There are 2 protein chains.
Amino acid sequence: MSDCNTCVVRNRAICASLTADEIQLLGQLGRKQRVAPGQSLIWEGDESLVVANVIDGVFKLTVSNVQGKEQIVGIVFPSDFIGRPFGEHSPYSVTALTEGEVCMFTRQSFDNFARQHPELEHKLLHRTLDELDNARKWMQLLGQMNAEQKLANFLLVMSNRLAGQSCAIADPSEGYTLPFGRQQIADLLGLTIETVSRQFTKMRGKGIIELPNRRDICIRDRAALEILAA
Amino acid sequence: MSDCNTCVVRNRAICASLTADEIQLLGQLGRKQRVAPGQSLIWEGDESLVVANVIDGVFKLTVSNVQGKEQIVGIVFPSDFIGRPFGEHSPYSVTALTEGEVCMFTRQSFDNFARQHPELEHKLLHRTLDELDNARKWMQLLGQMNAEQKLANFLLVMSNRLAGQSCAIADPSEGYTLPFGRQQIADLLGLTIETVSRQFTKMRGKGIIELPNRRDICIRDRAALEILAA
DNA sequence: CGCGTCCTTGACACATATCAAGCCAAGTGG
DNA sequence: CCACTTGGCTTGATATGTGTCAAGGACGCG
């Protein structure tokens with residue numbers, strides 16, 4: 001059982017739709033669990049046994065083809081929901097990219113609870129519709145952008161989700177630490193690691209971004225980046 | 001007002017979750033409307049004013065970049081749901097590819113009705129989760145497949161949705177009529193029309209498919225097609 | 001029959017993948 | 001404290017798939 005009253009995502013996760021009484025019931029079904037980078041919670045194709053709210057950390061959703069090439073089909077941040085409710089199987093894997101913590105439920109207990117609490121289902125529907133919009137936006141990126149546009153859009157999207165974190169050099173509001181290595185950026189954008197690296201180098205050469213180390217990004221000229229992204 | 005009792009998608013659309021009384025209420029909010037090929041019901045970026053159930057016909061969901069290049073981000077068949085409930089704006093356009101008929105609601109009246117009928121929202125949640133899974137599967141296609149794999153997958157997916165229709169030559173169970181022209185196939189797969197055409201020619205040359213005319217597809221060797229798709 | 005639209009085919013260019021080598025930073029053990 | 005290893009990243013040379021540009025062909029329609 002989880003103590004929902006002290007939960008840092010209490011008012012941002014789907015739990016926000018519940019009353020104090022209801023959330024206590026739900027809390028009894030869930031349990032908090034810490035996860036390490038690289039740890040998977042759900043595997044592509046496996047039976048869908050658990051769902052969870054993300055309390056802390058960043059996760060990736062991935063599908064792989066037979067040759068093992070990986071496509072990242074979603075990124076999950078704190079207060080987001082993980083897993084496939086109302087379905088026998090999960091069509092994607094869920095893996096932690098950073099240290100993190102989740103509030104986990106068995107799928108069945110969550111499904112049952114949700115069916116009895118329309119407000120919760122409504123909130124989940126809202127989120128799922130938003131996720132679908134995001135996925136379709138990303139299809140546009142994968143389908144019709146070149147490498148430069150893909151990377152520029154990626155940097156801008158990440159900036160929106162991760163803004164305000166430390167940046168080793170410039171204006172802190174324009175710097176953040178990526179939760180990805182180069183290979184994962186490639187898997188997300190449908191490129192190779194070499195192409196990603198070259199595009200980074202090119203943007204740094206133009207003075208648009210700064211790369212103080214392997215994981216940090218500083219946006220020096222956001223306007224220029226937005227032009228590249230269009 | 002629509003006569004739901006005679007509606008051909010009564011038991012397949014989200015309406016199937018409603019009782020006779022409820023569906024009568026919903027029917028009073030909706031109105032049936034015929035649409036012509038090329039006619040748009042919703043425009044990308046516009047206020048989300050209407051939603052609808054598809055009674056007949058095939059529709060595309062599209063997003064366009066500033067240069068006007070179009071990416072098809074979804075295809076909608078009879079009994080599917082159209083539009084963006086619970087959102088101010090629609091992030092994509094909805095356009096008919098064939099003659100068709102829809103059962104239309106103002107978004108606001110539908111939203112209100114849905115909030116008062118959890119069973120309907122539950123059904124809608126189910127569908128949205130399935131759509132999200134489809135969209136992510138398609139991201140894999142856009143992100144990591146080559147032209148041949150993309151087209152092979154496309155033909156197999158279409159075969160599942162359109163199977164059993166007429167084919168001018170071979171085994172009717174393996175033939176169907178595409179609701180797309182070449183340009184739209186290209187927009188769907190993130191390719192150019194020329195590449196699509198060349199891949200069609202190549203597959204025909206190998207005896208895997210037959211192309212009796214511009215719109216018909218006959219699958220002559222499904223096993224081979226499945227190998228190409230992997 | 002002639003016109004327009006859509007499709008196919010060809011020649012060529014270019015972006016990105018592939019293959020291969022080297023670099024850098026961090027960690028480990030002597 | 002320094003050599004050594006390791007894993008991730010960058011850079012270079014080359015190959016190739018797909019885009020681009022251009023012409024020609026097929027089909028449907030007035």
Side-chain angles (χ1 to χ4, degrees), chain A residues 37-38 60 65 67-71 97-98 141-155 168-169 177-206 209-218 228, chain B residues 36-38 60 65 67-71 97-99 141-155 168-169 177-206 209-218 228:
Chain A
K60 63 174 180 179
N65 65 12
Q67 297 94 313
K69 201 166 158 191
E70 195 168 86
Q71 174 73 40
L97 294 170
T98 64
L141 179 145
L142 291 172
Q144 52 180 235
M145 291 187 184
N146 62 28
E148 186 176 59
Q149 293 174 307
K150 284 179 177 179
L151 191 62
N153 273 285
F154 166 77
L155 291 175
I169 291 192
T177 301
L178 287 174
F180 307 103
R182 295 287 186 269
Q183 182 60 59
Q184 284 159 348
I185 298 172
D187 292 341
L188 187 56
L189 300 179
L191 298 170
T192 59
I193 185 173
E194 293 95 332
T195 300
V196 171
S197 181
R198 281 188 248 269
Q199 293 297 331
F200 265 125
T201 305
K202 206 168 93 187
M203 284 185 191
R204 187 180 47 190
K206 291 191 196 169
I209 58 170
E210 201 123 348
L211 303 166
N213 60 58
R214 294 179 168 182
R215 294 267 173 154
D216 284 355
I217 303 287
C218 300
L228 292 187
Chain B
K60 63 174 180 178
N65 65 12
Q67 298 94 316
K69 202 167 157 190
E70 195 168 88
Q71 174 72 40
L97 294 169
T98 64
E99 281 276 328
L141 178 145
L142 291 172
Q144 51 180 233
M145 291 188 184
N146 62 27
E148 186 175 58
Q149 294 173 306
K150 284 179 177 180
L151 192 62
N153 274 284
F154 167 76
L155 292 174
I169 291 192
T177 301
L178 287 174
F180 307 103
R182 295 288 186 269
Q183 183 59 60
Q184 283 158 349
I185 298 173
D187 292 341
L188 188 55
L189 300 178
L191 298 170
T192 59
I193 185 173
E194 294 95 332
T195 300
V196 171
S197 182
R198 280 188 250 270
Q199 293 296 332
F200 266 125
T201 306
K202 205 168 92 188
M203 285 184 190
R204 187 181 47 190
K206 291 191 195 169
I209 57 171
E210 200 122 349
L211 302 167
N213 60 56
R214 293 179 169 181
R215 294 270 174 152
D216 283 357
I217 304 286
C218 299
L228 292 188

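In what follows, every chain begins at residue 1, and chains take the letters A, B, ... in the order their sequences are listed. Quick caveat, the model's predicted, so the values are computed rather than measured.
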Undergrad: Just by distance, do the side chain of A:Thr201 and the backbone of A:Ser197 share a donor-acceptor pair under 3.5 Å?
TA: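 Yes; at least one donor-acceptor contact below 3.5 Å.
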Undergrad: Under a 3.5 Å threshold, yes or no: a donor from one side chain and an acceptor from the other, between A:Asn153 and A:Gln149?
TA: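 Short answer, no.
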Undergrad: When all nucleic acid strands are considered with a 4.0 Å heavy-atom cut-off, which category describes A:Ser197: base, sugar-phosphate, or nothing?
TA: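 Result for A:Ser197 = base.
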Undergrad: Tell me the interatomic distance from B:Gln67, atom CD, to D:dG19, atom C1', rounded to whole angstroms.
TA: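 Going from CD in B:Gln67 over to C1' in D:dG19 covers 15 Å.
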Undergrad: What nucleotide among D:dT18, C:dT9, C:dC19 has an atom nearest to a side-chain atom of B:Glu194?
TA: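 Nearest nucleotide to the side chain: C:dT9.
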Undergrad: Starting from P on C:dC14, measure out to CD on A:Glu148 and report it in whole angstrom.
TA: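 It works out to 16 Å between those atoms.
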Undergrad: Tell me which of B:Gln183 and A:Thr192 sits closer to the 5' end of DNA chain C, going by the nucleotide each one is nearest to.
TA: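 Nearest nucleotide further toward 5': that of B:Gln183.
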Undergrad: Can you find a heavy atom in the side chain of A:Leu228 that is under 4.5 Å from one in the side chain of A:Lys206?
TA: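 With C-beta onward as the side chain, the pair touches.
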Undergrad: Could you tell me the separation between the CG atom of A:Leu142 and the P atom of C:dT16, rounded to a whole number of Å?
TA: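 Taking atom P of C:dT16 as the reference, CG of A:Leu142 is at 13 Å.
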Undergrad: Figure out the CZ/C1' separation between B:Arg214 and D:dG28, and round it to whole Å.
TA: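 After rounding, the gap between these two atoms is 8 Å.
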Undergrad: Whole angstroms only, please: what is the NZ-P distance between A:Lys202 and D:dT10?
TA: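 Roughly 15 Å, once rounded to whole Å.
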Undergrad: Within the 4.5 Å heavy-atom criterion, are B:Lys60 and B:Glu70 side-chain neighbours or not?
TA: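 B:Lys60 reaches B:Glu70 side chain to side chain.
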Undergrad: I'd like to check A:Asp216 versus A:Leu178 (side-chain heavy atoms, cut-off strictly below 4.5 Å). Are they in contact?
TA: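 Counting from C-beta outward, A:Asp216 and A:Leu178 never come under 4.5 Å.
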Undergrad: Is there a side-chain polar atom (N or O) of A:Arg198 under 4.0 Å from OP1 or OP2 of D:dT10?
TA: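 For D:dT10, neither OP1 nor OP2 has a side-chain N or O of A:Arg198 closer than 4.0 Å.
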Undergrad: Could you give the CG-to-C1' distance, from B:Asn146 to C:dT16, as a whole number of Å?
TA: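 Distance, rounded to whole Å: 14 Å.
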Undergrad: Side-chain N or O of A:Thr195 versus OP1/OP2 of C:dT16: is the shortest distance under 4.0 Å?
TA: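 For C:dT16, neither OP1 nor OP2 has a side-chain N or O of A:Thr195 closer than 4.0 Å.
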Undergrad: Can you check the A:Arg215 CZ to D:dT10 P distance for me, whole Å?
TA: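 Between P of D:dT10 and CZ of A:Arg215: 12 Å.
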Undergrad: Measure CG/B:Leu178 against C1'/C:dC6 and give the value in whole Å, please.
TA: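 The answer, rounded to whole Å, is 15 Å.
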Undergrad: Among C:dC7, C:dA17, D:dC9, find the nucleotide with the atom closest to the side chain of B:Ile193.
TA: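 Looking only at heavy atoms from C-beta outward on B:Ile193, the closest nucleotide is C:dC7.
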